[in-house]
Amino acid sequence: MASVFEYAPAPESRAIADIAPSYGLFIDGEFVEAADGKVFKTVSPSTEEVLSEVARAGSEDVDRAVKAARRAFEKWSALPGAERAKYLFRIARIIQERSRELAVLETLDNGKPIKETRDADLPLVAAHFFYYAGWADKLDHAGYGANPRPLGVAGQVIPWNFPLLMLAWKIAPALATGNTVVLKPAETTPLSALFFADICRQAGLPKGVVNILPGYGDAGAALVSHPDVNKVAFTGSTAVGKEIARTVAGTRKKVTLELGGKGANIVFDDAPLDQAVEGIVNGIFFNQGQVCCAGSRLLVQESIQEELLDSLKRRLSTLRLGDPLDKNTDIGAINSEEQLTRITSLVEQGEAEGAERWSPACELPESGYWFAPTLFTNVTQAHTVARDEIFGPVLSVLTFRTPDEAVAKANNTPYGLSAGIWTEKGSRILAVANKLRAGVVWSNTFNKFDPTSPFGGYKESGFGREGGRHGLEAYLDV
């Protein structure tokens, strides 16, 4: 995009990530072919080049992996917590040692900028394993009674927007509490999970404790419905989450669902505007807006709307879109052609309904999947762009006059995952936050995560919590 500064290219070397031409499924400590021999290709979103060919798991492979996890569970759950902690600490240290390699890999496979994978994703991945390693020998003191027991085999299905971080959110607490894992990564981003399988072997993790099954939705459905899976953890769309809830209803399976969102970012007239603009940009354009808790609805107090929008448009005009491996890049590629089609369709619908669209001057690369950062003004609560989760770099701007109106508009959504409040008054932050139906409310910041803090939603954003002490409960018989 146009910028007041001229930046020389600063590309990270893709040679740091040694990607093999093909990968198998990781079952019982070994890489194996799919039972039916099926494979699929994983593509780089920024160039559309094929990165590797990956084995595609089917129901027979799911059964093999669940049986391997069940065999491993007896010995793994019997280990003292301090011994399990050693493995988690070892995994965390290896992740740190290989973080540059993993960041490049994630950027190639996902499309997000290298500065996000390098500076946000990978530090948080390691931090989650360090944090839950610390809990492994302290479960008696976690507040869930004496001698809480693991559930058994955890079936985990993760999305493509934060492949390695979502893996850490799921696997770290499961292992710390003594469960074994069968994890299915998203079909568009399988590589970092397969590299993590290699890290498990490098750390000497016993065979069968972690199993990785790349595949499509049929593999995820087979895993969720498998009769010998004791715990289901899913992060992804609300539609799939509802289907999972129907599948596990009437069974003894424990389930946590972290689903979609349509987060409100509320800016009051006394907010520090420069700081708020940075928070708005981070809230919706981080990872190209492909974030479940993105601040995709900006609620700005009417008296400062013009000033804030002028400042926000100036800031968007300085963002740099392009090669995700360039350390100067702010906006990377959309994860897949399918997702780009969805974003484009919803934006066109927003225009057709009368909302006013604006994007900065932006030259999109010829190959790959790209979408320019987009603002919608003159938006009402009836507009599709204010109701539906777009999951892209698209911000809908609405106004309010009073705090009560802001709360009413923020809560006027079937979702309830996140929200942000911008004001200099601490009393207003507390008063408004207490009325918002959102799992996490940020004050004068946005998209700040920490492994010690629980995360999850209300309403159609799911149920259960991941992270913090609260994240242990989902993997324990309490």
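A quick note: this is a predicted structure, and the numbers were derived from the prediction, not measured.
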side-chain hydrogen bond (donor to acceptor under 3.5 Å, both in side chains) assessment of Asp109 paired with Thr42: CA-CA 7 Å; Asp109 206 21; Thr42 184; 2.7 Å; yes
Does the pair [X]/[Y] count as a salt bridge with the N-to-O cut at 4.0 Å?
{"X": "Lys262", "Y": "Asp388", "value": "no"}
{"X": "Lys170", "Y": "Glu466", "value": "yes"}
{"X": "Asp326", "Y": "Arg320", "value": "no"}

Is it true that the NZ or CZ of [X] lies under 6.0 Å from the centre of [Y]'s six-membered ring and within 45 degrees of the ring axis?
{"X": "Arg401", "Y": "Phe268", "result": "no"}
{"X": "Arg465", "Y": "Phe455", "result": "no"}
{"X": "Lys448", "Y": "Trp442", "result": "no"}
{"X": "Arg56", "Y": "Tyr216", "result": "yes"}

Verdict with supporting geometry, Thr402 and Asp404, side-chain hydrogen bond (donor to acceptor under 3.5 Å, both in side chains): CA-CA 5 Å; Thr402 66; Asp404 285 344; 5.5 Å; no
Distance-only, no hydrogens or angles: does the [X] side chain make a donor-acceptor pair with backbone N or O of [Y] under 3.5 Å?
{"X": "Ser317", "Y": "Lys313", "result": "yes"}
{"X": "Asn411", "Y": "Leu436", "result": "no"}
{"X": "Asn378", "Y": "Ala355", "result": "no"}
{"X": "Asp119", "Y": "Glu116", "result": "no"}
{"X": "Lys112", "Y": "Ala333", "result": "no"}
{"X": "Thr329", "Y": "Asp323", "result": "yes"}
{"X": "Ser461", "Y": "Gly416", "result": "yes"}

Working for side-chain hydrogen bond (donor to acceptor under 3.5 Å, both in side chains), residues Gln202 and Arg90: CA-CA 9 Å; Gln202 191 179 344; Arg90 203 173 299 152; over 6 Å; no
Side-chain donor-acceptor pair present, Gln349, Glu353, cut-off under 3.5 Å: yes
Matching residue for Phe371 among Ile331, Ile334, Ile390 - test: side chain to side chain contact (heavy atoms under 4.5 Å, CB included): Ile334
Those residues that, when tested against Gln381, pass side-chain contact (heavy atoms from CB on, under 4.5 Å) (two or more places apart): Leu398, Lys409, Asn412
Heavy-atom side-chain contact between Arg14 and Leu108 under 4.5 Å: yes
